[in-house]
Amino acid sequence: MSNSASSAFAHNARKDRKKKEVAVTSNLEDRASLGHSEDSSGTKGSTASKGSNASNAFADKKNIMWVLLSGGMAMTFIIMLFLPNTGMGDGMIATYSSMLWCGFFGAALWRYRGANGWTGFAFGSVVGFVLQVVSQII
């Protein structure tokens, strides 16, 4: 075979592989949109379906994990505000951290409830600021 004929053959082979990949991908997407959880080999519960669920974890507003994680961090900083000799009692860093983590918790909680996350962040930040001021008084 000549050089140009072999390169044309390789080019056609690449095009054929690409067509097969596109066909398999579109078939899997069609099956996923219909609610099937089988992969191309026909087995149920594949890693492809688990991967798609994992990628939706950030976009899922009803994921309770974000509420728990942000609430745990907010509680950590709030408890540190009230404990002596933790370095979190006074200063702007204490104010920023309590406002930030309480704001994150408020945003996650509001989004979990189906409301606007920015409103939750604002309310949480106000609560964090008030708790920081109260910790200075006590």
Side-chain angles (χ1 to χ4, degrees):
M1 244 195 305
S2 69
N3 190 19
S4 62
S6 64
S7 65
F9 179 73
H11 179 69
N12 288 337
R14 283 193 300 269
K15 284 174 43 178
D16 290 342
R17 280 194 305 267
K18 187 69 173 174
K19 285 180 185 177
K20 286 180 185 178
E21 289 173 2
V22 169
V24 168
T25 304
S26 64
N27 186 17
L28 288 176
E29 289 172 354
D30 292 343
R31 293 175 67 88
S33 67
L34 294 174
H36 297 289
S37 65
E38 295 182 6
D39 63 1
S40 60
S41 64
T43 58
K44 289 200 175 263
S46 67
T47 57
S49 63
K50 291 178 186 175
S52 64
N53 290 340
S55 66
N56 290 337
F58 289 109
D60 185 15
K61 293 181 180 183
K62 293 294 184 182
N63 191 353
I64 191 71
M65 190 56 62
W66 296 114
V67 178
L68 297 175
L69 288 173
S70 60
M73 286 301 295
M75 286 300 296
T76 300
F77 280 99
I78 297 303
I79 289 171
M80 287 176 67
L81 286 174
F82 289 96
L83 292 177
N85 299 324
T86 60
M88 288 299 296
D90 55 356
M92 288 306 290
I93 298 296
T95 305
Y96 290 146
S97 64
S98 63
M99 288 177 68
L100 180 72
W101 284 107
C102 288
F104 284 159
F105 175 66
L109 188 62
W110 257 249
R111 281 180 53 103
Y112 183 75
R113 290 180 36 223
N116 188 354
W118 288 108
T119 305
F121 186 84
F123 281 122
S125 294
V126 169
V127 168
F129 179 75
V130 168
L131 286 171
Q132 199 276 335
V133 170
V134 167
S135 74
Q136 293 300 306
I137 295 171
I138 294 179

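Note: hydrogens, waters and symmetry copies are ignored here, and every other heavy atom, side chains too, is used.
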Report the distance from atom [atom1] of [X] to atom [atom2] of [Y], rounding to the nearest 0.5 Å.
{"X": "Leu100", "Y": "Thr95", "atom1": "CG", "atom2": "OG1", "value": "12.0 Å"}
{"X": "Ser70", "Y": "Arg111", "atom1": "OG", "atom2": "CZ", "value": "11.5 Å"}
{"X": "Leu69", "Y": "Trp101", "atom1": "CG", "atom2": "CH2", "value": "9.0 Å"}
{"X": "Met75", "Y": "Cys102", "atom1": "CE", "atom2": "SG", "value": "9.0 Å"}
{"X": "Ser135", "Y": "Ile79", "atom1": "OG", "atom2": "CD1", "value": "12.5 Å"}

Problem set entry | Tyr112: ring pair (Phe, Tyr, Trp, His ring centres under 6.0 Å) partners, not counting sequence neighbours |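 Residues passing ring pair (Phe, Tyr, Trp, His ring centres under 6.0 Å) with Tyr112: none at all.
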For this session: Report yes or no: do Ile137 and Met99 belong to one cluster of Ile/Leu/Val/Met/Phe/Trp/Tyr joined by side chain heavy-atom distances under 4.5 Å?
Result: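 Hydrophobic grouping puts Ile137 with Met99.
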Exercise. In the single-linkage hydrophobic clustering (I, L, V, M, F, W, Y; side-chain heavy atoms under 4.5 Å), do Val130 and Leu81 co-cluster?
Worked result: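 Same hydrophobic cluster.
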Indicate every side-chain donor-acceptor pair of residues 103-110 with a distance under 3.5 Å to a residue at least two apart or in another chain.
none

Problem set entry | Counterpart residues, side-chain contact (heavy atoms from CB on, under 4.5 Å), relative to Leu131 (two or more places apart) |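 Per chain and number, Leu131 pairs via side-chain contact (heavy atoms from CB on, under 4.5 Å) with Ile78, Val127.
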Problem set entry | Heavy-atom check, side chain of Phe129 versus side chain of Val133, under 4.5 Å |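 Yes, side chains in contact.
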